[in-house]
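We count residues from 1, following the sequence as given. The structure displayed is predicted, hence computed values, not measured ones. All heavy atoms count here, side chains included; hydrogens, waters and symmetry mates do not.
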Amino acid sequence: MFIKLMMFASLMAGVFCSPNSKRLPYGAPPKIEYTEIPHCAKNTTKAWCLEDSEYPQHEVQQALDQHYQAVLAFYKEKLASTENSVNE
């Protein structure tokens, strides 16, 4: 589960950073209210959390399962272009 979540997060970073990315119509984005720091970090000295009980883990897992082939194709494309661009 953690590996799929990390793979999804890294792929999403590539999607939003890629100049040639195509945006697929998945519906309206959810409305998210941003706070200064996450709720899980309120009683700490850091502004971030390693574990967050409010993280939408189930929704992310469902999205990965629903769009598995597209995510896999995107990952393979990025992996191929990365391997071709690295000089050893």
ask   = Partners of Lys76 by side chain to side chain contact (heavy atoms under 4.5 Å, CB included), sequence neighbours excluded?
value =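 With sequence neighbours excluded, Lys76 shows a side chain to side chain contact (heavy atoms under 4.5 Å, CB included) to Leu72, given in chain and number order.
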
key: Where Ala41 and Cys49 come nearest, the two heavy atoms and their spacing   =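 Smallest interatomic distance, heavy atoms only, reads N-SG, 3.3 Å.
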
query = Once you round to the nearest 0.5 Å, how far does SG of Cys40 lie from CH2 of Trp48?
reply =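 Nearest 0.5 Å value for the SG-CH2 distance: 10.0 Å.
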
query = In chain order, what residues pass the side-chain hydrogen bond (donor to acceptor under 3.5 Å, both in side chains) check against Gln62, with sequence neighbours excluded?
reply =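 Only His58 meet the side-chain hydrogen bond (donor to acceptor under 3.5 Å, both in side chains) criterion with Gln62.
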
